[in-house]
Amino acid sequence: MKFLPVIRLVCWGVCSVLVALSFGVMGSSIIGGLLMLSGAVWLCPASWRPIESLSGKQGSGIALAILAVPLFLLGVHVATHADYPDQASSLLRLLTDADAVIPPDARPRPEVNPGALNFFRHIMEQDYLIALAGGTSALNTLSMVNPVERLPSSKLARLYEDDEAAIDPLYKGRRLIVSGEILAVRTDFADDVVVELPGADELFNVQAKLHGDPQKFPGPVMEGSYVSLYCTLFGKVAGGSASNLYLTDCTRVDFTPDARAYADNLTEALRGWLNTGGKHIFPSDNAATYFLVTYLSGTQLPADNPCLREEVLVEECVSSLEDMQAGALFEKARGDLRRWQEWLGLPTQDGYVQLSSR
């Protein structure tokens, strides 16, 4: 046949490509690559003639070529469906040592779930609200939040009168709930409303300046009524020990803005840690583990759960969790905990803090 040299040259070219492809596949799948290489060799025209001469049967080269095609395709299937190193066969492990320890910096970063971060934000906001109100929450256990102290205005003023040098560093700048009877209502030079509450004696009162937003302080501010105000303690005027005690930015007792800001800041800190790994900025490894497991619990929620959405109010999120067992969410999340601990460099711990205050 005058076209036989051309056909043989084409076959050689195809055979070379298939052999090269087989060796390339061996980098990810030894078995798949060997199967592909066997099929490619049987397809090679250079192998047909020696096999025919050994078998003594004319045409056996064509039969072997037909058998080699499914062998090559089987190798392709094995190579494309290989899953290393976690599900490699024991034989392949012996050949390739695929289960060698992967350095931490070579491990892929787990994907951060935005919905689970929103769940974490809602849980932290709820825990913060309960902690400030004096309830028991995980944040109390972790010593990350203390309840807001409640004091009658007269008691607070008396503390200052007894030992201002010791009390002022402890209280100045703190947010407190101060209560008492309104003795007078006036406006200052900046047109801010100032409420006068009982002090340590009749000469010096506690001056509580209401927040500039009228929506943030209680309804009718009337002389003779009893109020509880959420204020920042300014202290006394410098250089005047015998003087009024001043409170600023007084609002109604509502922890919601503080809780939301706290939860937002904590969520951003967690997001950065999950994305970058390494050393955490939280007070302890126990706190970091609690935050991690709370986040992972959010990955176990149904896709339609309102806690996965940022704009949802914390009350709606908590209400949707009433029929769920917090412990069940924890146990489901625990399966993914070790992988995240390795990525984050977090020590493995047997126990962790309760999910929330619920």
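Side chains included, hydrogens not; waters and symmetry mates left out as well; all remaining heavy atoms used.
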Do the side-chain N and O atoms of [X] and [Y] include a donor-acceptor pair separated by under 3.5 angstrom?
X: S284; Y: N286; value: no
X: H280; Y: D285; value: yes
X: D258; Y: Y128; value: no

Rounded distance [0.5 Å steps], [atom1] in [X] versus [atom2] in [Y]:
X: L151; Y: S228; atom1: CG; atom2: OG; value: 11.0 Å
X: L301; Y: C307; atom1: CG; atom2: SG; value: 6.0 Å
X: L296; Y: N113; atom1: CG; atom2: CG; value: 9.5 Å
X: L266; Y: R271; atom1: CG; atom2: CZ; value: 12.0 Å
X: Y262; Y: L132; atom1: OH; atom2: CG; value: 9.5 Å
X: E322; Y: C317; atom1: CD; atom2: SG; value: 10.0 Å

Residue pair V193, V185: steps toward the side chain to side chain contact (heavy atoms under 4.5 Å, CB included) verdict | CA-CA 7 Å; V193 178; V185 180; 3.9 Å; yes

Could you see if [X] belongs to whatever hydrophobic cluster contains [Y]? Use Ile, Leu, Val, Met, Phe, Trp, Tyr and a side-chain cutoff under 4.5 Å.
X: V221; Y: Y226; answer: no
X: L183; Y: L210; answer: no
X: V312; Y: L308; answer: no
X: L313; Y: F119; answer: no
X: V145; Y: V314; answer: yes

State, yes or no, whether a side-chain contact exists between [X] and [Y] at a heavy-atom distance under 4.5 Å.
X: T232; Y: Y246; result: no
X: H211; Y: L229; result: no
X: W273; Y: I281; result: no
X: L156; Y: P152; result: no
X: L139; Y: M124; result: yes

In sequence, state the C-alpha distance, the side-chain angles, and the governing distance for E161 and K236, and then conclude on salt bridge (charged side-chain N to carboxylate O under 4.0 Å, His left out).
-> CA-CA 10 Å; E161 290 297 323; K236 291 191 174 185; 2.6 Å; yes

Please report the C-alpha distance between Q126 and L321 in whole Å, then the side-chain angles of each, then the deciding distance to 0.1 Å, and finally whether the side chain to side chain contact (heavy atoms under 4.5 Å, CB included) criterion is met.
-> CA-CA 12 Å; Q126 181 218 23; L321 299 175; over 6 Å; no

Please confirm whether the backbone N or O of [Y] pairs with a side-chain atom of [X], one donor and one acceptor, at under 3.5 Å?
X: D168; Y: G235; value: no
X: D201; Y: F204; value: yes
X: H122; Y: A263; value: no
X: N244; Y: N205; value: yes
X: Y171; Y: L159; value: no

Flag if over 12 foreign heavy atoms under 6.0 Å of CD, E202 =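 No, not enclosed.
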
With a cut-off of 6.0 Å (strictly less than), are more than 12 heavy atoms of other residues, nucleotides or ligands near NZ of K172?
->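 Counting other residues, nucleotides and ligands, NZ of K172 exceeds 12 neighbours.
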
Looking at Y230, does the NZ or CZ of R252 lie under 6.0 angstrom from its six-membered ring centre and within 45 degrees of the ring axis?
->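 The answer is no; the distance or angle limit is not met.
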
Distance-minimising heavy-atom pair for [X] and [Y]:
X: L117; Y: L274; result: CD2-CD1, 4.3 Å
X: P198; Y: V206; result: O-CG2, 3.5 Å
X: G180; Y: L197; result: O-CD2, 3.9 Å
X: W340; Y: E111; result: CZ2-O, 3.5 Å
X: P306; Y: E316; result: CB-OE2, 3.8 Å
X: S137; Y: I130; result: CB-CG2, 4.4 Å

Show the numbers, then the answer: is there a side chain to side chain contact (heavy atoms under 4.5 Å, CB included) between E268 and R121?
-> CA-CA 9 Å; E268 288 309 307; R121 176 185 285 104; 4.2 Å; yes

Just grab all the salt bridge (charged side-chain N to carboxylate O under 4.0 Å, His left out) pairs involving residues 135-160, residues at least two apart or on different chains.
->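 For residues 135-160: E149-R174.
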
Test L233 against every option in L247, L170, V178 by the side chain to side chain contact (heavy atoms under 4.5 Å, CB included) rule and name the one that passes.
->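 Exactly one option meets the side chain to side chain contact (heavy atoms under 4.5 Å, CB included) with L233, and it is L247.
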
How about Y290 and F282: are their ring centroids closer than 6.0 Å?
->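 Not close enough - the centres of the two rings lie 6.0 Å or further apart.
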
Aromatic plane relationship, F120 with F291 - under 30° parallel, 30 to 60° tilted, over 60° perpendicular =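 If you compare the ring of F291 with that of F120, the planes turn out perpendicular.
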
Does a salt bridge link R186 with E223, judged by any charged N lying under 4.0 Å from a carboxylate O?
->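 Not counted as a salt bridge, because no side-chain N and carboxylate O are separated by less than 4.0 Å.
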
Check against side chain to side chain contact (heavy atoms under 4.5 Å, CB included), I182 and M222 | CA-CA 7 Å; I182 297 179; M222 300 175 58; 5.9 Å; no

Residue from D188, D191, D249 passing salt bridge (charged side-chain N to carboxylate O under 4.0 Å, His left out) with K209 |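 The residue from D188, D191, D249 that satisfies salt bridge (charged side-chain N to carboxylate O under 4.0 Å, His left out) with K209 turns out to be D188.
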
